[in-house]
Amino acid sequence: MRNKSFVQAHSQTPWRRQMQTIGLVVVAIASLALLAILYLNVTARAATMGRQVQRLQNERIRLQQQIESLESQLASLTSNEAMQARAAASGFTPMQPGAITYLTVEGYRGRTSVDLAPRAGTQFMGVIRLPDAYTESLFDWVGELFDQYGFGLLGGY
Amino acid sequence: MPREHFWRYLVMAGAFAIFGALILVKTYAIQSGPQAEVFLRQGELHSREQTEIQPPRGIIYDRNGNILAGNRTVYEIGVDLASVRNPQAIALALSALVGADYNTVLERASIPASPNAVYVVLANYVLPEKVALLKSYDVSEEAESMDSTDCSNDAALTGLLCEPKLVRSYPERDLASNVLGFVNHESLGYFGVEQQYQSLLAGEPEKVWLPISPVRVQERPEVPPGASIVLTIDREIQAMVEDTLDAHLARTGAESGTAVVMDPKTGEILAMASTPRMDLNEFQNYGDIYTNEVPYNRAVSEIYEPGSIFKVITAAAAIDTGEVTPETPFPDPGFYNIGGITIRNWNNRAWGDQTVQGCMQHSLNVCMAWLGDVKLGPTLFYEYVDRFGFGHSTGIDLAGEQLGTVKREGVPGWTYSDLGTNTFGQGIAVTPIQMVMAVSAFINDGQMVMPHIVKSVIQDGSQYNVSPQFAGQPISAETARTMNEMLAQSLEGESSLAMVPGYRLAGKTGTAQIPSPTGYDENQTNTSFIGWGPVENPRFIVFVWLERPATSTWASEVAAPLFADIVERLVVLQAIPPNYNGIGTVSNTGQGGQQ
């Protein structure tokens, strides 16, 4: 009898019940805060990576422009006019027909067609595809986990 | 907590709960209401910015991979008005280093920033060297890296932005300018290959909405660059032809010149030059150079009366019908009456007993009028003219091709006398490229090869080659071989200035008086020559045309030497060994050779 009344008194103590409620609320808030921190963290990392990708994209465009510009510059330096001038300055003169000795090579077909197609791996790669980890939201991730494991757990046994 | 006050907490909690519920209800109402789509659109609009992605223009190469048209970086210099601190310093720097006008820059850089005035362009198409000067303007600081759009690290120049962009560059300057055409600052191609292949070279600029959020960076579309093009033009041959043409223009005092070199087996144009030419990097001078509607490329865009080189068409038609052979006799009386006019020879004399071979060798107008009138007749003659492609497009892939003018039987304005004059190339107008395509039939067993300028296209990482195409068969293979031999013998028989030692060539001169509103002027002529070689296995067709030469009015004296000079250098560049001793014997040295 005495023991029963103690239990009853303990369970009915108001401050304990309040503490329980407050505890639950605090746990819920803490969980939400944790989720928010996690979400912010993932979002911030995604944004940082996105900025990096943007910077690299701009860098790639700049480098492509630079390559094209340098190729044109090189073409100017090796233009027909420039090469003729360099040859003349080096003491070369145009070959005269009478000064040429021809050697006939059976099967030789002269210069073949120039192949200017870019090497494999250097051409346009199409649309950039980032891993999902950098683009999905926390909710997407949780949903994916649920899809991946949740149904398995529920549907097992 | 006193129990009597507990209701206050309940009221507060209830109020918050109701407030929260109202927010949820309102949220749901907004998301499912009629305005939902509008809000979504607005949200989407503010999460992106519109921009046009201009892919780099494709490169144009010659057949050996030398760049004829590329791209180079220039800069657009502007100011972010909200960031400008010192407009005077910006104006001073740009006027001193870039050459911009101080007052104009000062005025623009001083515009107060507003929603309608965010950015102002101060200078455009600025060379990288000048931008480099700006970037190192403040010597006390380390130079700004070139990948930043900030022009300078000088605090006074804050807000000054240098945005790089690509513009067309022509490393060979005026070489092959008549073929290439040019691109203006709006990236539009004008004339030649640049115009003909504008859409292919330019790619497809895309106006896109780019997400502002870096998280959505993968949504930025990749715009593939424009396709690159490999031309059939050989840079060395082109330069040689241009140099030789210019030298002969100076020597003969001709008003203009045109030269075309084509591979007769494939239709590949190895060189194509006409005057005037211009440095394509300074395309803005076009209006000053091409005055009075001067054609940009005479080889495809200017028609002229070809004169005696057209006799090869008349002779080929007559032989192809079987009515005559090279040995068919023709007693030349020195004149021929047709349609009420009298045709005379170029020297106004009678050449007596001739053959068709002799008619070609001595270029007799009377004989041609006889062939046209008696052996062919107007219907058959114009049918052959049509089959050789005159009056039609050759299909060459260059912008601005003209079709020529052929007055056919039955067309208003045509008279029977036109038949007589047309047989020797007067009263009919053709383009040089039409003549080149027509005579290719003599080399390809009667089949004409379609001239073309693009050898291959490089797109999406692959190179696609253009195959040769035939443009019909106007004559039989036997007639073609007969013409080939007959024109080689004609050249040898005349001891023409067009001959080149060591090589057996075939060809025909053409001198045509130039028509004017008052009739034909004897002292104003178009002189041209078309020939090919080596006859036993032709590797080239060369066409030359000098307009109104001053030193002589005869093609045999001005055009034939130009042809010979071109061929003499062409055989060296093409590594064609000499194999002909000039007395009708060809030694077997093979088709190709190594210098």
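Convention: sequence-line order gives letters A, B, ...; per-chain numbering from 1.
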> Side chain, backbone, both or neither: which part of B/Tyr61 has an atom under 4.5 Å from a heavy atom of chain A?
Replying inline: side chain

>> Quick check on B/Asp234 against chain A: is it the side chain, the backbone, both or neither that has a heavy atom closer than 4.5 Å?
In response: side chain

>> Please list all pairs meeting salt bridge (charged side-chain N to carboxylate O under 4.0 Å, His left out) that have one or both residues in residues 567-579 of chain B, counting only residues at least two apart or in different chains.
In response: none

> Under a 4.5 Å heavy-atom cut-off, does chain A meet the side chain of B/Ser462, its backbone, both or neither?
Replying inline: backbone

Below 3.5 Å, can you tabulate the donor-acceptor pairs from side chains in residues 85-93 of chain A to any protein atom, sequence neighbours excluded?
from    : atom 1 : to      : atom 2 : distance (Å)
A/Ser90 : OG     : A/Arg86 : O      : 2.8

>> Given heavy-atom pairs under 4.5 angstrom as the criterion, report whether the side chain, backbone, both or neither of A/Leu63 touches chain B.
In response: neither

>> With a 4.5 angstrom heavy-atom cut-off, is it the side chain or the backbone of B/Ile59 that approaches chain A, or both, or neither?
In response: side chain

> Looking at B/Ser169, B/Ser228, B/Pro171, which has the largest count of heavy-atom pairs under 4.5 Å with chain A?
Replying inline: B/Pro171

> What residue in B/Asn64, B/Asn465, B/Leu68, B/Ile67 has the most heavy-atom pairs under 4.5 Å with chain A?
Replying inline: B/Asn64

> Just wondering, do B/Glu163 and B/Tyr75 contact through their side chains at under 4.5 Å, heavy atoms?
Replying inline: no

> Contact part of B/Asn66 toward chain A, heavy-atom cut-off under 4.5 Å: side chain, backbone, both or neither?
Replying inline: neither

> Just by modelled atom types, is the B/Leu166 backbone N or O under 3.5 Å from a matching donor or acceptor in the A/Glu68 side chain?
Replying inline: no

> Would you call B/Lys455 and B/Glu268 a salt bridge, taking side-chain N to carboxylate O under 4.0 Å as the test?
Replying inline: yes

>> Can you confirm whether B/Glu242 sits close enough to B/Arg277 that some side-chain heavy atom of one is under 4.5 Å from a side-chain heavy atom of the other?
In response: yes

